[in-house]
Amino acid sequence: MSVKKTTTIVEQLRRAQMSELLAMNKRLDGRGLRDYRELRIDVGLIKKANGSALVSLGNTQVIAGIKVEVDEPFPDMPDKGLFICNAEVLPLASPYAEPGPPDEDAIELARVVDRGIRESEMIALDKLVIISGKKVYAVFADVSVLNSDGNLFDATSYAVVAALLTARIPKYDVQNEMLVKSEETIPLPINTIPISVTMAKIGDSIIVDPTAEEEACMDARITMATDEHGRICAIQKGGSGTFSPEQLTEIANIAISIGKERREKISNLAARE
Amino acid sequence: MSVKKTTTIVEQLRRAQMSELLAMNKRLDGRGLRDYRELRIDVGLIKKANGSALVSLGNTQVIAGIKVEVDEPFPDMPDKGLFICNAEVLPLASPYAEPGPPDEDAIELARVVDRGIRESEMIALDKLVIISGKKVYAVFADVSVLNSDGNLFDATSYAVVAALLTARIPKYDVQNEMLVKSEETIPLPINTIPISVTMAKIGDSIIVDPTAEEEACMDARITMATDEHGRICAIQKGGSGTFSPEQLTEIANIAISIGKERREKISNLAARE
Amino acid sequence: MSVKKTTTIVEQLRRAQMSELLAMNKRLDGRGLRDYRELRIDVGLIKKANGSALVSLGNTQVIAGIKVEVDEPFPDMPDKGLFICNAEVLPLASPYAEPGPPDEDAIELARVVDRGIRESEMIALDKLVIISGKKVYAVFADVSVLNSDGNLFDATSYAVVAALLTARIPKYDVQNEMLVKSEETIPLPINTIPISVTMAKIGDSIIVDPTAEEEACMDARITMATDEHGRICAIQKGGSGTFSPEQLTEIANIAISIGKERREKISNLAARE
Amino acid sequence: MSRLMSEEGIRIDGRRWNELRPVKIEVGVLKNADGSSYIEFGKNKIVVAVYGPKEVHPKHMALPDRSVLRCRYHMLPFSVEERKNPAPSRREIEISKITREALEPALILEDYPRTVIDVFIEVLQSDGGSRCAGITAASVALADAGINMRDLVAACAAGKVGGRIVLDINDEEDKMGEADMPVAYLPNLKQISLLQLDGKLTADEYRECLNLAISGCMQVYNMQREALMKKYFSTADKGGEDEEE
Amino acid sequence: MSRLMSEEGIRIDGRRWNELRPVKIEVGVLKNADGSSYIEFGKNKIVVAVYGPKEVHPKHMALPDRSVLRCRYHMLPFSVEERKNPAPSRREIEISKITREALEPALILEDYPRTVIDVFIEVLQSDGGSRCAGITAASVALADAGINMRDLVAACAAGKVGGRIVLDINDEEDKMGEADMPVAYLPNLKQISLLQLDGKLTADEYRECLNLAISGCMQVYNMQREALMKKYFSTADKGGEDEEE
Amino acid sequence: MSRLMSEEGIRIDGRRWNELRPVKIEVGVLKNADGSSYIEFGKNKIVVAVYGPKEVHPKHMALPDRSVLRCRYHMLPFSVEERKNPAPSRREIEISKITREALEPALILEDYPRTVIDVFIEVLQSDGGSRCAGITAASVALADAGINMRDLVAACAAGKVGGRIVLDINDEEDKMGEADMPVAYLPNLKQISLLQLDGKLTADEYRECLNLAISGCMQVYNMQREALMKKYFSTADKGGEDEEE
């Protein structure tokens with residue numbers, strides 16, 4: 001059953017302080033309301049994966065690895081490859097994380113990141129068919145959070161995107177309905193790069209890229225992913241607060257404009273293999 | 001490990017009151033010792049299921065759905081279809097129910113209902129073969145308890161029986177060892193209608209169709225299913241008390257005579273689609 | 001997560017007493033430091049298993065059963081049969097055992113016994129192939145601890161070894177790529193008999209075949225398995241203490257010399273079917 | 001792709017772009033629960049029970065200053081085309097969470113310190129929009145349980161199908177359409193407590209969709225009020241929109 | 001169907017209709033347990049341990065006025081034809097429950113408030129009637145543990161095989177026969193604490209079966225008494241039927 | 001079998017028999033942890049965090065006289081050739097246990113009664129010897145967390161490959177070689193806290209292997225010290241072997 005994580009007295013006090021600052025357009029770490037923390041992306045760290053990326057967003061650190069297997073397609077989608085995204089918050093990521101199967105937060109994280117990639121049609125799944133109805137590529141994206149300091153949604157999304165952009169998958173030749181793995185590797189067929197932008201509402205302010213401290217005080221959270229044409233392709237509101245319709249219009253504008261500028265940065269960072 | 005549910009002080013006091021009444025052949029809700037509560041059966045509520053039935057027995061409410069799939073037969077039974085019965089007491093059914101996998105009570109419930117249907121040979125499993133040894137119908141009966149007020153055994157059994165009686169399954173044509181689903185649907189092949197009758201022993205009295213309040217006070221419980229020829233085809237004694245051999249003879253007579261009269265009622269109710 | 005079982009105050013007091021005795025080369029049960037408790041092996045108790053052995057080592061009692069099935073080989077080992085070893089400490093084995101899936105101790109136990117048998121190449125897995133790359137024998141060794149009084153490693157290892165030595169498996173004939181089970185049974189193909197010797201370090205003393213009482217007081221534990229040529233084929237150190245390099249040399253000598261003498265005893269006991 | 005929208009702007013199930021599917025809401029359908037409701041929303045058939053406010057077990061989960069809200073969204077095995085395993089799927093776990101977050105702002109949890117309120121949503125039959133229907137019904141069941149609330153929560157999706165922005169996506173439209181955007185709305189507070197999107201929308205389409213969904217939520221809200229009034233006021237007068245409960 | 005009954009009324013394993021399979025009961029076979037027993041009943045081989053009465057963890061499970069009885073019936077992976085997964089099956093969970101309910105009426109749990117008594121039944125090799133053999137052995141192990149009891153519990157099935165009512169169904173008769181009815185009996189209280197039926201019986205057959213099963217339980221009861229006496233009285237005199245322990 | 005050892009005694013990855021793979025150790029790589037480290041050991045890439053000493057939940061796990069050490073060794077799904085299921089395998093559970101037992105003798109747990117110390121080892125990429133690399137890194141992370149220690153724990157395997165006793169087995173050598181013997185060593189106490197063996201060794205080979213592994217551990221120990229000094233002493237002087245930290 002779903003139940004809210006408890007907030008402490010300290011967090012409630014901190015919230016008061018934070019609201020005061022935000023009323024003056026300031027944040028605890030000195031950033032402006034629309035500023036991201038420093039982003040670093042290292043790709044190719046894991047040679048045993050088909051693709052990998054280690055992303056630091058301020059103190060938040062996540063690692064994504066891509067593994068590609070050959071599998072059967074779903075019976076109702078004989079001409080589509082498979083994309084499966086999993087996330088776990090490792091117990092070393094924070095004093096509050098615990099070993100065990102993914103909890104509702106980790107499941108939501110994986111599903112929202114998956115949605116951004118799937119709905120933007122980032123991967124051309126129709127080009128991942130080897131034998132129609134029988135053999136397709138199955139692309140597994142596994143993300144592990146190494147250090148948790150807020151905005152896991154964007155960090156995870158950037159890591160999966162960067163790992164997919166730089167992945168190399170084996171090429172198969174088909175001989176008499178049998179697959180023969182060739183020496184050659186090929187990149188994944190990519191249509192677009194979706195960019196996730198996560199915002200938090202604290203009091204009346206909308207801030208971008210919240211830290212863990214800010215998340216502990218926030219009323220609500222929202223993640224929007226946009227594609228290269230500036231279309232919104234996935235949204236997830238979170239948290240026990242609400243947004244007004246006007247705020248949601250503002251939020252979409254932020255997501256589209258910041259998305260555009262960050263797309264370039266992320267493509268460049270991911271390309272530096 | 002199996003362990004008894006605790007009884008409260010209130011239940012113990014209530015038991016004294018109930019025993020006094022029963023000594024005068026009276027029950028708390030005014031029924032006679034051999035009277036069932038009002039029974040309602042609504043079939044066909046769930047269009048996505050092959051068959052379904054919502055059963056109310058007094059305040060006890062259960063819903064059964066039948067799903068039919070094509071599967072392989074068991075290697076030692078190449079010419080039999082499959083019947084699989086599951087039950088769960090949903091957490092909304094009572095203040096004591098909890099989310100999670102079925103506990104020992106729900107497992108016993110499913111297995112006893114399964115036994116009545118299987119041992120009476122209600123479904124002609126030998127007519128559920130599509131290709132001998134290769135393809136058979138697998139009939140899943142899933143029952144969920146929506147409101148729990150005693151005698152889940154009979155309510156669940158009636159719901160599964162009514163859902164099976166009114167189910168429509170796809171017809172398959174076999175062409176070159178391949179199955180082709182036809183437009184046509186057919187009913188399940190039915191041999192007999194088993195009727196479950198559940199009784200409780202409180203003090204020296206045997207009562208039929210116990211409420212939750214009566215079950216909390218009972219010494220022991222017994223469920224007997226009979227077929228159309230008045231043969232007993234499944235028995236399950238429950239509870240931490242005992243029965244004398246004489247009581248068990250009396251109980252069988254009750255089960256057979258009540259079973260006969262209820263069979264007609266249930267066939268009629270189920271037929272009103 | 002791995003965490004140490006707690007030791008009680010009584011165990012700590014007992015440890016002082018034990019150390020004094022050991023300093024005089026004496027043990028609580030009167031044995032010498034290098035003496036095993038009485039070993040009994042009864043084979044063939046379980047007719048439904050392909051092989052079985054009930055082993056008593058003092059008050060420690062374990063039962064092993066071998067089940068052989070036909071399965072597919074691992075893709076990277078098309079010409080090897082399979083050997084799978086599982087162990088569980090049944091809840092009836094001691095006041096501290098609990099029902100549930102195997103804990104880290106039971107998993108270590110199974111893996112160490114497996115290692116001794118696998119690394120010694122006791123079973124000629126290459127002779128367990130029926131159709132290369134397609135059908136091989138899968139040998140399941142399941143061990144259950146019935147009464148736990150120390151040195152489960154050796155008792156379990158002897159039980160599995162004895163059950164394997166006396167197992168009879170069905171013979172299959174291959175006709176048109178199909179398997180036909182013949183009436184005939186054959187023994188498992190055996191290369192060597194590995195002998196496990198477990199020692200405990202208490203203070204400066206190394207003792208062989210520790211009881212539960214001794215294990216509760218020990219600093220560290222070590223199990224060494226040797227093959228018929230006196231080669232060491234598996235080692236596992238356990239416990240939160242350490243060994244010096246010199247002690248490890250001494251331990252290897254003990255394992256090799258005792259292993260030789262016990263191998264004969266175990267082969268003889270196992271042969272008495 | 002099948003034609004989801006006729007040239008006359010008629011949808012596959014005969015509705016116009018701004019039309020809801022048939023909705024039926026009943027209050028107080030389960031005897032044991034403190035509050036309950038049943039909703040039919042298109043082919044969705046969902047029953048909801050509320051238990052609480054009640055004591056918390058284990059006690060350390062209790063909060064000194066407010067009640068703890070717990071939510072479960074669950075589908076029965078026969079509620080979908082392919083029989084569903086009864087164990088909770090990742091999808092059900094996510095929907096349980098966003099449902100809780102959609103309901104929480106409407107509840108005055110501070111009125112019930114040291115207690116828990118349980119909401120159980122059981123999908124008997126599933127169609128497109130089951131999360132919205134579940135939130136709508138849960139909100140009614142919470143009211144039926146007598147929990148103090150700031151507002152009801154009414155939920156409804158809008159989306160893009162066959163190139164047009166339409167209200168209340170059904171199953172086929174969800175699968176074949178271009179976008180689905182579920183929204184939960186607190187009508188008196190004019191706040192949105194659930195927003196998700198699957199599929200692609202331009203900024204303009206997004207705003208259009210949001211407004212259309214809110215208008216759908218207002219229709220749903222009126223049906224919620226009617227259902228509650230029908231139970232609580234014997235002369236089942238169809239409540240006007242400007243009344244507060 | 002194979003001939004389970006010869007024309008002379010001889011069963012597939014050579015027994016007559018009213019004959020038990022060979023039974024062997026040993027008491028006190030495990031060192032660590034407070035009470036234990038081993039039974040061979042036909043090809044069934046079962047070991048049972050009792051731990052308790054002992055402290056309860058977690059403490060909130062304790063009852064102020066009586067002991068809590070817990071039971072586990074479990075089959076080892078190699079006890080059956082096809083290797084069994086070690087995790088408890090639905091069948092094992094049901095049998096654990098009906099075993100507990102069969103034993104509970106014989107125990108004076110009120111004598112041990114705030115404690116727990118654990119009964120572990122491990123089937124080393126399984127044949128028809130393993131639940132009855134388990135209950136029989138568990139009852140002996142409880143006596144061996146010194147638990148205060150009103151009576152022993154003796155269990156035995158009767159059933160219908162090849163058209164005849166017969167005692168103590170074995171594995172083949174269970175699979176091929178018409179009915180199997182396990183019964184547990186408290187001989188001194190003349191009460192039945194377990195009754196199940198798989199298969200079809202007329203009312204007359206049912207009564208015949210019940211009586212035959214009870215007569216089988218009386219035979220089992222004498223073997224239980226003998227086994228206990230053998231352990232507890234050095235001059236192992238075969239106990240008469242009218243003695244109480 | 002492929003040639004794992006050339007005629008000139010050169011191994012498949014170019015090393016000599018007594019040579020370690022390239023090693024890199026970093027200290028304090030994770031912000032949230034009380035202590036952390038990152039190690040590259042051949043192709044192994046492992047990150048370790050230490051949390052504690054801290055309060056224990058549930059409280060009954062606490063010990064009155066010392067801290068409780070908990071360890072988890074875990075591999076990420078993409079760390080191995082075939083994608084690994086994220087749930088802990090039997091292998092990971094065993095390694096978690098022997099890792100804890102290898103570290104425990106180095107820690108002065110008595111200094112932190114009623115607390116717990118958690119060690120999390122996450123294998124990002126796995127090669128032969130990941131358990132040794134994990135222990136080595138964990139020991140550094142424990143020092144980084146400021147836990148009182150009697151000694152560091154340095155770990156390294158030796159084994160037999162292509163007929164020769166060699167140091168620090170890599171993945172291919174592990175799969176194709178004759179024996180692999182992981183060792184953990186406390187250099188100042190001259191004690192061994194981990195010893196395992198897979199594969200066959202004569203008594204002489206075993207002694208040779210043990211000595212070689214210990215010499216490998218001493219090399220690892222120096223790298224551990226250097227990494228710690230680099231973090232804790234700004235003038236990163238390469239620490240001599242006779243200095244104590």
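So that the names make sense, note that chain A is the first sequence line, chain B the second, and so on, each numbered from 1.
- A side-chain donor-acceptor contact under 3.5 Å links D:N32 to the backbone of B:S148.
- Proximity to chain D is absent for every atom of B:L54, based on heavy atoms less than 4.5 angstrom apart.
- In this structure, CD on D:E40 lies 6.5 Å from CG on B:L45, to the nearest 0.5 angstrom.
- Only the backbone of D:V80 comes within less than 4.5 Å of a heavy atom of chain B; no side-chain atom from C-beta onward does.
- Around the CD atom of B:Q17, the shell of radius 6.0 Å holds more than 12 heavy atoms that belong to other residues, nucleotides or ligands.
- Around CD of D:E82, the count of heavy atoms belonging to other residues, nucleotides or ligands within 6.0 Å does not exceed 12.
- With rounding to the nearest 0.5 Å, the separation of OG in B:S144 from NE2 in D:H74 is 7.5 Å.
- The shortest distance between side-chain heavy atoms of D:V29 and B:Q61 does not fall below 4.5 Å.
- The shortest side-chain heavy-atom distance between D:K54 and B:P95 does not fall under the 4.5 Å cut-off.
- Neither the backbone nor the side chain of B:A212 comes within contact range of chain D; no heavy atoms are under 4.5 Å apart.
- At a 4.5 Å heavy-atom cutoff, the contact between D:R72 and chain B is made by side-chain atoms alone.
- Taking 4.0 Å as the cut-off between side-chain N and carboxylate O, D:D171 and B:K48 count as a salt-bridged pair.
- Counting heavy-atom neighbours within 6.0 Å of D:R16 CZ, excluding the residue itself, gives a total of 12 or less.
- In this structure, chain D has heavy atoms under 4.5 Å from both the backbone and the side chain of B:S94.
- Neither the backbone nor the side chain of D:S36 comes within less than 4.5 Å of any heavy atom of chain B.
- At a 4.5 Å heavy-atom cutoff, D:V50 makes no contact with chain B through either its backbone or its side chain.
- Contacts between D:L76 and chain B at a heavy-atom distance below 4.5 Å involve the side chain alone, from C-beta outward.
- Heavy-atom distances place the side chain of D:K45, and not its backbone, under 4.5 Å from chain B.
- Inter-residue side-chain proximity for B:P91 and D:Y51 is flagged as unmet; no heavy-atom pair is nearer than 4.5 Å.
- For the set D:Q125, D:E122, D:K43, the entry with the most heavy-atom pairs within less than 4.5 Å of chain B is D:Q125.
- Summarising the geometry, atom NZ belonging to D:K84 is positioned 12.0 Å from atom NZ belonging to B:K67; distances are rounded to the nearest 0.5 Å.
- Interface remark: B:N86 contributes side-chain atoms only to the contact with chain D (heavy atom separation under 4.5 Å).
- Looking only at side-chain heavy atoms (C-beta outward), B:N50 and D:F78 stay at 4.5 Å or farther from each other.
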